[in-house]
2 protein chains.
Amino acid sequence: MNIGQAAEASGVSAKMIRYYEEIALIPPPARSQSGYRVYGEDDVHTLRFVRRARSLGFSIEETGALLALWRDRSRASADVKAMALKHVAELEEKAAALKAMAKTLRHLASHCHGDGRPDCPILDEIGSQGSAQQSA
Amino acid sequence: MNIGQAAEASGVSAKMIRYYEEIALIPPPARSQSGYRVYGEDDVHTLRFVRRARSLGFSIEETGALLALWRDRSRASADVKAMALKHVAELEEKAAALKAMAKTLRHLASHCHGDGRPDCPILDEIGSQGSAQQSA
DNA sequence: GCTACACCTTCCCATCATTGGAAGGTCAAG
DNA sequence: CTTGACCTTCCAATGATGGGAAGGTGTAGC
């Protein structure tokens with residue numbers, strides 16, 4: 001299987017497959033005589049794992065750790081669970097930060113007429129607030 | 001006021017002030033004879049506006065648009081409100097996506113013993129799921 | 001065999017926002 | 001006059017991905 005077919009089968013773009021190989025997230029595949037990368041079903045399986053982990057919001061580095069755990073049949077399930085729950089906490093923290101931003105902004109917008117008149121307190125309040133936490 | 005003091009007063013790092021100037025988000029300030037950037041209270045006010053907009057999750061580009069509206073005393077409040085509400089919707093969408101990831105992952109984790117035994121369905125399910133949407 | 005076309009290779013660049021550092025000039029205090 | 005804190009510009013890196021150029025390969029049709 002060439003990289004295009006592996007991309008199709010795994011849902012990971014050919015560009016990203018090469019990138020994952022470059023950063024050693026996945027092992028380099030076999031090569032054909034002419035230098036084409038050749039993938040097997042196992043490789044596609046791994047790529048699907050990576051895609052799934054990424055879609056769950058794991059960073060590449062975290063995905064690499066999960067991949068190592070996945071391949072290690074003797075690992076303790078506690079390791080996996082701890083990582084998952086830590087990530088859940090991070091995701092929820094980011095979600096909460098976004099919701100807080102949205103809430104603040106909606107509050108500001110609620111005090112704005114939204115008509116043709118220039119008066120709108122949103123900008124004044126953005127310009128006058130002294131502190132705000134950076135996140136997400 | 002030199003850039004260090006402006007950074008201190010506005011909460012925007014000197015590095016970022018120079019960067020905002022480079023991309024023309026903010027106008028170039030006056031310069032001293034020796035070439036030092038010199039800022040006034042108005043500049044600090046603008047920088048605070050930028051910081052606040054960024055902390056509300058507006059991109060640099062959106063912040064530039066808000067800044068233009070802020071400076072335009074004759075703008076229609078509807079423009080501002082529309083932009084704010086559009087951004088609220090985007091923030092909430094991202095928050096929802098993160099919460100969905102967290103939910104999925106917590107569900108997976110709930111089926112994992114989390115002890116010393118190797119059995120943990122989290123990884124198996126990550127590896128076997130066919131589709132997942134990318135977002136946030 | 002030749003041509004067209006789809007695919008592959010490597011390499012470089014861009015994004016977005018921010019940080020870091022190097023090399024060198026300036027200012028104020030001691 | 002030295003020291004140290006500040007300033008200047010320039011270059012590079014981050015994380016994850018996309019875009020594209022320049023050139024090689026594989027296959028189908030003629």
Side-chain angles (χ1 to χ4, degrees), chain A residues 1-26 28-39 43 47 50-67 87 90-91 94 97-98 101 132-136, chain B residues 1-26 28-39 43 47 50-67 87 90-91 94 97-98 101 132-136:
Chain A
M1 202 189 318
N2 285 342
I3 199 171
Q5 280 130 3
E8 179 80 10
S10 66
V12 179
S13 74
K15 276 276 195 201
M16 290 313 298
I17 294 176
R18 292 194 197 97
Y19 173 68
Y20 290 156
E21 178 189 338
E22 186 192 328
I23 63 172
L25 176 64
I26 57 173
R31 296 277 186 149
S32 74
Q33 272 191 323
S34 56
Y36 283 20
R37 288 172 179 81
V38 178
Y39 298 91
D43 299 305
L47 286 170
V50 170
R51 182 176 60 90
R52 174 79 167 148
R54 297 280 306 117
S55 82
L56 286 170
F58 286 99
S59 69
I60 298 257
E61 197 174 353
E62 288 167 330
T63 300
L66 284 175
L67 213 43
H87 190 60
E90 288 168 2
L91 290 173
K94 283 184 196 172
L98 289 177
M101 287 182 208
Q133 74 287 353
Q134 193 83 327
S135 47
Chain B
M1 200 188 318
N2 285 341
I3 199 171
Q5 280 131 358
E8 179 79 10
S10 67
V12 179
S13 74
K15 274 280 198 201
M16 288 315 295
I17 294 177
R18 291 194 199 96
Y19 173 68
Y20 290 157
E21 178 189 338
E22 187 192 329
I23 63 173
L25 177 63
I26 58 175
R31 295 279 186 147
S32 75
Q33 270 191 324
S34 57
Y36 283 20
R37 287 172 180 80
V38 178
Y39 297 91
D43 298 307
L47 286 169
V50 170
R51 181 175 61 90
R52 174 78 167 147
R54 297 282 305 119
S55 82
L56 285 171
F58 287 98
S59 70
I60 298 258
E61 197 175 353
E62 288 167 330
T63 299
L66 284 175
L67 212 43
H87 190 59
E90 288 169 2
L91 289 173
K94 283 185 195 171
L98 289 177
M101 288 182 206
Q133 74 288 355
Q134 192 83 326
S135 47

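Proteins get letters first, then strands, A, B, ... in listed order; numbering begins at 1 in each.
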(request) Report the distance from atom CD of A/Gln33 to atom C1' of C/dC7, rounded to the nearest whole Å. (result) 18 Å
(request) Round to a whole Å and report the spacing from CD1 of A/Ile23 to P of D/dT14. (result) 11 Å
(request) Would you kindly check whether a donor in the side chain of A/Tyr19 faces an acceptor in the base of D/dG18, or vice versa, at under 3.5 angstrom? (result) no
(message) I need the B/Ile26 CD1 to B/Met16 CE distance, nearest 0.5 Å.
(response) 9.5 Å
(message) Does a side-chain N or O of A/Arg54 approach OP1 or OP2 of D/dT17 to a distance below 4.0 Å, or not?
(response) yes
(request) Provide, to the nearest angstrom, the distance between the CD atom belonging to A/Glu22 and the C1' atom belonging to D/dG18. (result) 14 Å
(message) Rounded to the nearest 0.5 Å, what separates atom NE2 in A/His87 from atom CD in A/Glu90?
(response) 6.5 Å
Close N or O pairs between protein and nucleotides 20-22 of chain C (under 3.5 Å):
unit_1	atom_1	unit_2	atom_2	d
C/dG20	N7	B/Lys15	NZ	3.1
C/dG20	O6	B/Lys15	NZ	2.8
C/dG21	O6	B/Lys15	NZ	2.3

(request) Please state how far atom CD in B/Glu21 lies from atom P in D/dT8, giving the value in whole angstrom units. (result) 9 Å
(request) Could you tell me whether B/Ser13 contacts a base, only the sugar-phosphate backbone, or nothing, with contacts defined as non-hydrogen atoms closer than 4.0 Å? (result) sugar-phosphate
(request) Starting at atom CZ of A/Arg51, determine the distance to atom P of D/dA16, rounded to an integer number of angstrom. (result) 17 Å
(message) Just the rounded figure in Å: distance from C1' of C/dT9 to CD1 of A/Ile17.
(response) 14 Å
(request) Output the distance between atom CG (A/Leu67) and atom CZ (A/Phe58), rounded to the nearest 0.5 Å. (result) 12.0 Å
(request) Send over the distance from A/Met1 CE to C/dC8 C1', rounded to a whole Å. (result) 16 Å
(request) Could you tell me the separation between the CG atom of B/Leu98 and the CG atom of A/Leu56, rounded to the nearest 0.5 Å? (result) 11.5 Å
(message) The side chain of A/Ser34 is closest to which nucleotide in this list: D/dT17, D/dG26, C/dG25?
(response) D/dG26
(message) In whole Å, I'd like the distance from the OH atom of B/Tyr36 to the C1' atom of D/dA5.
(response) 9 Å
(request) Ignoring the backbone of A/Arg18, work out which of D/dT17, D/dG24, C/dT10 is nearest its side chain. (result) C/dT10
(request) Name all residues meeting the side chain to side chain contact (heavy atoms under 4.5 Å, CB included) criterion together with B/Glu8; count only those two or more places apart in sequence or in a different chain, and write none if there are none. (result) none
(message) D/dT9, OP1 or OP2 - any side-chain N/O from B/Arg31 closer than 4.0 Å?
(response) yes
(request) Measure the spacing between CD1 of B/Ile3 and OH of B/Tyr39 and express it to the nearest 0.5 Å. (result) 4.0 Å
(request) Report which part of the nucleic acid B/Arg37 touches: base, sugar-phosphate, or nothing (heavy-atom distance under 4.0 Å, all strands). (result) sugar-phosphate
(message) Is it the case that atom CD in B/Gln5 sees more than 12 heavy atoms from other parts of the structure closer than 6.0 Å?
(response) yes
